[in-house]
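Report on the following structure.
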Amino acid sequence: MNLRVFNTLKGHKELFDPIVPGKVSMYVCGVTVYDYCHMGHARANIVFDIVFRYLQFAGYDVTYVRNYTDIDDKIINRANERGIPSKALAEEFIQAFDQDMEALGLRKPTHEPRATEYVPEIIALVKTLIEKGLAYEANGDVYFSIEQFPNYLCLSKRNMEEMLAGARIAPGEQKQNPMDFALWKAAKPGEPSWDSPWGAGRPGWHIECSAMSSALLGDSFDIHGGGRDLIFPHHENEIAQSEGATGKPFVKYWLHNGFVNVDQEKMSKSLGNFFTIRDILEKYDPEIIRFFVLTAHYRSPIDFSDQNLNESRQGLTRFYEALHHATNAIAELSIPAGDNAEACQLEKHFRDAMDDDFNTALAIGHLFDGVRTINRLVSEKKFRKKPELVATVSALHQKILELGDVLGLFGSAPTVWLKKQNLQGLNSLGLTEAAVEELIKERLLARQEKDFARADQIRESLAVQGVELLDSPQGTTWKIK
RNA sequence: GGCCCCGUCGCCAAGUGGUAAGGCAGAGGUCUGCAAAAUCUCUAUCACCAGUUCGAAUCUGGUCGGGGCCUCCA
């Protein structure tokens with residue numbers, strides 16, 4: 001085990017060495033539940049699902065916390081717009097989030113706390129910060145005083161003077177310094193609120209993550225993840241709150257994933273150029289989304305486009321076809337037991353790639369090598385009579401499934417997956433399976449009568465519509481081009 | 001303006017000092033009645049310029065181009 005991770009705090013890769021040997025505690029910022037998730041959320045969650053899976057695969061006992069922020073200005077505003085209680089709105093989008101994540105095949109985190117379940121912890125944390133002189137109350141609001149925390153901006157590496165130049169105090173705020181941020185907000189009429197030493201109010205945006213992470217993982221933990229856009233101010237503020245309160249290092253490794261772009265521009269709500277997960281899933285299999293995300297390194301930007309998703313579909317199809325062929329090729333054969341050099345080699349390459357800051361793109365490249373080997377061996381003459389080849393194909397097949405599972409890939413039965421893609425494609429071409437099957441029958445007759453002109457005519461007519469006919473000793477099948 | 005990131009084959013994308021993974025697309029061969037799939041072979045000197053070095057896509061400086069954060073954002 002030689003995992004190296006890129007730590008935003010340090011600005012470079014370093015050896016991963018958890019606080020407690022053999023155990024990993026990780027916290028990932030979830031979503032503020034006021035709307036459907038888009039592709040950017042999908043990426044972040046898939047990325048950290050892989051971190052979670054790989055750490056488990058590497059033998060760690062992982063405690064993974066991913067929160068729901070279910071109290072926030074945006075939730076309140078959206079609920080008011082719709083004339084429903086903010087709790088109902090939050091509930092609706094928590095369910096939507098859960099559905100989306102399940103559809104994408106994410107493993108359930110160990111804990112999925114909600115901010116509203118941790119209000120007592122939040123209040124206690126704010127109290128501590130006030131007692132330590134790091135926060136102050138003003139008209140029912142409580143603010144964190146960044147001047148009292150010298151390490152402020154250590155994560156985002158910004159310059160305080162420059163930041164102050166552009167900082168503003170919003171109307172109604174009682175900040176001593178424009179860069180101070182709210183820990184607790186006094187309730188306005190009609191807003192959801194909790195009693196506190198400062199009157200009725202609710203948590204500010206950042207405090208809930210500090211409270212939930214320390215409640216579930218302790219004052220110091222190993223990994224904290226999220227999208228790059230959370231580095232400032234969210235994660236910066238978490239550090240200030242948590243380290244300010246405990247005096248201990250908050251997080252050992254900060255991991256941040258890159259954005260999803262559309263036409264080279266960040267996909268975001270404010271730009272309005274986003275696609276929700278549910279919209280995308282209408283058109284693409286969830287595994288294609290996952291494959292797409294994993295074919296780039298998690299810190300790089302990825303460009304969301306139909307062309308790129310279609311390439312992912314093709315890549316994934318290549319895997320499933322190879323797995324399908326392998327299954328058929330070794331069916332009903334006795335497989336020699338024992339380690340297999342090719343399979344061991346593949347696993348080593350895979351681990352090396354993943355150990356290098358979760359380089360899933362490289363890891364998938366290695367899995368493609370395994371596919372090529374399988375295809376090559378299976379097509380050798382008298383394959384079934386060569387035990388060493390059969391053993392290698394069997395072992396590689398197993399290994400690809402095993403390693404694929406670490407990436408959350410290849411979990412479907414190949415025939416089912418391939419069929420589904422084909423039917424979906426057929427559907428989008430405006431054809432029916434029955435119509436295709438009918439033409440295949442007709443062509444079969446033509447071929448039996450050696451009427452190859454007619455046979456080729458049928459092939460060609462389907463081909464121009466986008467359907468490819470595949471002849472094999474077992475009969476004729478079809479696939480979408 | 002400040003801070004940060006990126007620019008690798010037609011496209012996507014690894015590679016952060018030792019001589020360019022992989023996928024898609026393309027060309028040719030094998031296979032096939034034909035075709036597809038598969039497989040084999042072939043296709044890049046890494047935006048540009050100047051340095052450091054025995055050696056750089058990889059380090060330094062500069063130029064050009066793109067993007068991000070600095071306000072809610074995965």
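Numbers restart at 1 for each chain; the letters A, B, ... are given by sequence-line order, proteins then strands. Keep in mind that what you see is a predicted model, and the values were worked out from it rather than measured.
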A:Arg454 side-chain N/O to B:rC34 phosphate OP1/OP2 under 4.0 Å: no
Looking only at side-chain atoms of A:Asp369, point me to the closest of B:rA21, B:rA38, B:rC24. B:rA21
Protein-nucleotides 63-69 of chain B N/O pairs under 3.5 Å:
unit_1 : atom_1 : unit_2   : atom_2 : d
B:rC69 : OP1    : A:Lys266 : NZ     : 2.8
B:rC69 : O2'    : A:Arg158 : NH2    : 2.4
B:rC69 : O2     : A:Arg158 : NH1    : 3.2

Is a donor-acceptor contact shorter than 3.5 angstrom present between the side chain of A:Arg43 and the base of B:rA74? no
Should A:Asn359 be listed as having a side-chain N or O under 4.0 Å from OP1 or OP2 of B:rG15? yes
Shortest side-chain distance from A:Ala44, nucleotide among B:rC12, B:rG22, B:rA74: B:rA74
The nucleotide from B:rA14, B:rC34, B:rA74 with an atom nearest the side chain of A:Leu230 is B:rA74
OP1, OP2 of B:rA14 versus side-chain N and O of A:Ser300: anything below 4.0 Å? yes
Phosphate oxygens OP1/OP2 of B:rA25: is one of them under 4.0 Å from a side-chain N or O of A:Gln314? yes
Just compare B:rC72, B:rA14, B:rC12 and give me whichever is closest to any side-chain atom of A:Lys74. B:rC72
State the pairing partner of B:rG51; accept Watson-Crick or G-U wobble contacts with both distances under 3.5 Å, and report none otherwise. B:rC59
Got a donor-acceptor pair under 3.5 Å from the side chain of A:Asp73 to the base of B:rC72? no
Decide side-chain hydrogen bond (donor to acceptor under 3.5 Å, both in side chains) for A:Asn177 and A:Glu147; before the verdict, give the C-alpha distance in whole Å, the side-chain angles of both, and the deciding distance to 0.1 Å. CA-CA 8 Å; A:Asn177 180 312; A:Glu147 283 165 36; 2.4 Å; yes
Determine whether any donor atom in the side chain of A:Arg372 lies under 3.5 Å from an acceptor atom in the base of B:rG22, or the reverse, and answer yes or no. no
Just checking, is any N or O donor in the side chain of A:Glu14 or A:Asn7 under 3.5 Å from an acceptor N or O on the other one? yes
What nucleotide, of B:rA74, B:rA36, B:rC34, holds the atom closest to the side chain of A:Arg443? B:rC34
Would you kindly compare A:Asp456 and A:Ala363 by the position of their nearest RNA chain B nucleotide and give the one closer to the 5′ end? A:Ala363
Using Watson-Crick or G-U wobble geometry with both distances below 3.5 Å, tell me the partner of B:rA20, or none. none
Rounded to whole angstrom, note down the C1' distance from B:rG29 over to B:rA57. 33 Å
Atom-pair distance (CG on A:Asn375; P on B:rC31), nearest Å: 19 Å
Can we call the ring centroids of A:Tyr36 and A:Phe93 under 6.0 Å apart? yes
Whole-Å distance between B:rG23 P and A:Leu407 CG? 17 Å
Search all heavy atoms of A:Glu191 against all heavy atoms of A:Ala186 and return the closest pair with its distance. OE1-O, 4.3 Å
For A:Tyr320 and A:Glu287, run side-chain hydrogen bond (donor to acceptor under 3.5 Å, both in side chains): C-alpha distance rounded to whole Å, both residues' side-chain angles, the deciding distance at 0.1 Å, then the answer. CA-CA 12 Å; A:Tyr320 272 120; A:Glu287 197 172 343; 2.9 Å; yes
Measure CG/A:Asp49 against P/B:rA74 and give the value in whole Å, please. 18 Å
How about A:Glu321 and A:His325: does a side-chain donor come under 3.5 Å of a side-chain acceptor? no
Comparing A:Phe292 and A:Arg459 on RNA chain B - which has the more 5′ nearest nucleotide: A:Phe292
Would you please determine if the base of B:rG33 is stacked by A:Phe452, with stacking meaning a centroid separation under 5.5 angstrom and planes under 30 degrees? yes
Pick out which of A:Leu15, A:Leu55, A:Asp356 makes a side chain to side chain contact (heavy atoms under 4.5 Å, CB included) with A:Leu3. A:Leu55
Looking only at atom C1', what distance separates B:rG55 and B:rU71, rounded to whole Å? 48 Å
Test log, rule side-chain hydrogen bond (donor to acceptor under 3.5 Å, both in side chains), inputs A:Asp306 and A:Tyr284: CA-CA 10 Å; A:Asp306 276 321; A:Tyr284 297 97; 2.5 Å; yes
Can you tell me the base-pairing partner of B:rC64? Count Watson-Crick or G-U wobble geometry only, both distances below 3.5 Å, and say none if there is no partner. B:rG7
Under 4.0 Å: is that the gap between some side-chain N or O of A:Arg299 and OP1 or OP2 of B:rC5? no
Quick one: do the A:Tyr152 and A:Glu236 side chains pair a donor with an acceptor below 3.5 Å? no
